[in-house]
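These notes are about the structure you will find just below.
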Amino acid sequence: MKRAAVITGGSGGIGSAAAYRLAEDGYIPVINYFTNYESALIIAKETGGIPYRADISDPVQVMNMMRTAAEKCGGIDVLVNNAGLSLSGLFTDITPEQEKRIWEVNVLGTMNCSRYAIPYMLNGKYGKIINISSMWGQIGASCEVHYSAAKAAVIGFTKALAKELGPSGINVNCIAPGFIDTKMNELYGEDVFQEFKEETPLGRLGRPEDIAGAISFLASESADFITGQVIGINGGYII
């Protein structure tokens with residue numbers, strides 16, 4: 001029986017690319033979304049997946065999502081913690097409410113989804129948890145202090161959880177994308193896009209498919225001896 005690959009933020013750029021790629025790999029993608037129902041429904045129809053609305057910052061909604069995924073698919077093999085919020089602005093201009101939401105989604109959301117997926121992986125002593133951080137979580141970004149801090153926390157969470165779950169046959173890894181050409185980054189404009197291209201050794205922006213390829217690899221048996229690692233996919237922007 002095919003099993004579920006739960007993808008949070010599955011209706012967005014990286015999430016949708018991951019859903020299509022994992023469907024090709026034989027998984028049933030469970031496409032988590034919060035606002036973009038139309039996109040999630042299209043992706044589900046084209047991949048044979050399951051759209052599921054849940055606010056990942058809410059533990060009860062996440063628990064129900066994981067239970068539904070396991071019941072419909074016979075288990076959960078893969079969890080891609082991809083959903084995230086970005087926020088630009090001076091540190092002192094970000095409101096406490098904005099700060100709280102960034103942490104709830106990017107950090108607590110990752111923890112919630114992992115917490116409620118792990119029991120289904122423990123049953124089979126096998127599973128792949130793939131967390132999506134950012135290169136800003138590795139080196140920090142001016143005017144994205146809260147986002148950088150949250151993504152750095154995802155890296156620390158990955159390394160610690162990998163040690164804890166390794167004896168149970170569960171791999172936990174992290175991808176740190178560079179500047180990826182998605183709707184989330186459209187706010188920066190063409191001038192910033194061009195600047196990143198010029199500063200990237202490979203001379204282009206990343207594509208969602210670049211990240212999906214790495215997700216596919218980490219979800220595969222070829223990555224069974226890889227855990228606790230942070231894979232930078234940034235075109236050489238940071239080395």
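Owing to the predicted nature of the structure, the values given are computational and were not obtained by experimental measurement.
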| query | Between Val62 and Cys113, is a side chain to side chain contact (heavy atoms under 4.5 Å, CB included) present by the stated rule, with each step listed? | reply | CA-CA 6 Å; Val62 171; Cys113 291; 4.0 Å; yes
Given side chain to side chain contact (heavy atoms under 4.5 Å, CB included), test Lys128 with Asp77 step by step and report yes or no.
CA-CA 6 Å; Lys128 302 291 181 72; Asp77 276 357; over 6 Å; no
Take Leu165 and Met121 through the test side chain to side chain contact (heavy atoms under 4.5 Å, CB included) and record every step on the way to the result.
CA-CA 10 Å; Leu165 295 180; Met121 297 178 175; over 6 Å; no
request  = With salt bridge (charged side-chain N to carboxylate O under 4.0 Å, His left out) as the test, would you mind laying out the steps for Asp55 and Arg101 before giving the verdict?
outcome  = CA-CA 11 Å; Asp55 179 350; Arg101 188 58 180 164; 3.5 Å; yes
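By the criterion of side-chain heavy atoms lying less than 4.5 angstrom apart, applied directly or through intervening Ile, Leu, Val, Met, Phe, Trp or Tyr residues, Val30 is grouped together with Tyr120 in one hydrophobic cluster. Hydrophobic clustering places Tyr237 together with Tyr147 (ILVMFWY residues linked when any side-chain heavy atoms are closer than 4.5 Å, directly or through intermediates). Grouping the Ile, Leu, Val, Met, Phe, Trp and Tyr side chains by contacts below 4.5 angstrom, directly or via other members, places Val105 apart from Tyr33. Hydrophobic clustering of Ile, Leu, Val, Met, Phe, Trp and Tyr side chains at less than 4.5 Å, counting indirect connections, unites Tyr20 with Ile31. Leu202 and Ile139 sit in two unconnected hydrophobic clusters of ILVMFWY residues. Membership requires side-chain heavy atoms under 4.5 Å apart, directly or through other members.
Looking at every heavy atom in both residues, Ala19 comes nearest to Ile43 through CB-CG2, 3.9 Å. The two residues Pro167 and Lys125 come nearest to each other via the heavy atoms O-NZ, 3.8 Å. Between Ala150 and Trp103, the shortest heavy-atom distance links the atoms CA-CZ3, 3.6 Å. Between Gly206 and Arg204 the shortest heavy-atom distance is CA-NH1, 3.9 Å. Nearest approach of Gly178 to Met135, heavy atoms of both residues: CA-SD, 3.6 Å. Taking both residues in full, the closest heavy atoms of Ala219 and Leu22 are given as CB-CD2, 4.1 Å, listed atom of the first, atom of the second, then distance.
Side chain of Ser39 to main chain of Ser11: a donor-acceptor pair is present (N/O by atom type, distance under 3.5 Å, no hydrogens or angles). Side-chain N or O atoms of Thr8 include one that pairs as donor or acceptor with a backbone N or O of Asn82 at under 3.5 Å. Under a 3.5 Å cut-off, the side chain of Asn173 and the backbone N or O of Gly228 do form a donor-acceptor pair. Under the 3.5 Å distance criterion, the side-chain polar atoms of Thr227 are matched with a main-chain donor or acceptor of Val172. Judged purely by atom type and a 3.5 angstrom limit, Asn234 has no side-chain atom pairing as donor or acceptor with the backbone of Pro177. At distances below 3.5 Å, at least one donor-acceptor pair connects side-chain atoms of Asp210 with backbone N or O atoms of Arg207. Side-chain atoms of Arg53 come within 3.5 Å of backbone atoms of Phe34 as a donor-acceptor pair (strictly under, hydrogens ignored).
Distance check, rounded to the nearest 0.5 Å: CD of Glu195 to CZ of Phe179 gives 9.5 Å. Taken from CD in Glu198 to OG1 in Thr200, the straight-line distance is 10.0 Å, to the nearest 0.5 Å. The structure places CG of Asp181 at 10.5 Å from CD1 of Ile14, a figure rounded to the nearest 0.5 Å. Summarising the geometry, atom CD1 belonging to Ile102 is positioned 5.0 Å from atom CG belonging to Leu87; distances are rounded to the nearest 0.5 Å. Once rounded to the nearest 0.5 Å, the distance linking CZ of Phe217 with CD1 of Ile175 reads 10.5 Å. Atoms CD1 and CG, from Ile170 and Leu122 in turn, are 4.5 Å apart once rounded to the nearest 0.5 Å.
Side-chain contact between Ile180 and Pro208 is present, with heavy atoms from C-beta onward closer than 4.5 Å. Two residues are said to be in side-chain contact when any heavy atoms from C-beta on lie closer than 4.5 Å; Gln138 and Val230 meet this criterion. A heavy-atom distance below 4.5 Å is not found between the side chains of Asn112 and Met63. The side-chain heavy atoms of Tyr27 and Thr47, taken from C-beta on, include no pair separated by under 4.5 Å. Contact annotation: the side chain of Asn106 approaches that of Leu85 to within less than 4.5 Å [non-hydrogen atoms, C-beta and beyond]. For the pair Met111 and Val107, the minimum side-chain heavy-atom distance is below 4.5 Å.
Partner Thr110 forms a side-chain contact (heavy atoms from CB on, under 4.5 Å) with one of Asn81, Ile132, Leu79, Ile56 and no other, that one being Asn81. Under the side-chain contact (heavy atoms from CB on, under 4.5 Å) rule, Tyr52 has a single partner from Ile7, Thr68, Val6, which is Thr68.
Pairs engaging residues 150-170 under the side chain to side chain donor-acceptor pair (under 3.5 Å) rule: Asn131-Thr158 [sequence neighbours left out].
The aromatic rings of Phe91 and His146 lie parallel to each other, their planes meeting at an angle below 30°, with 60° marking the opposite boundary.
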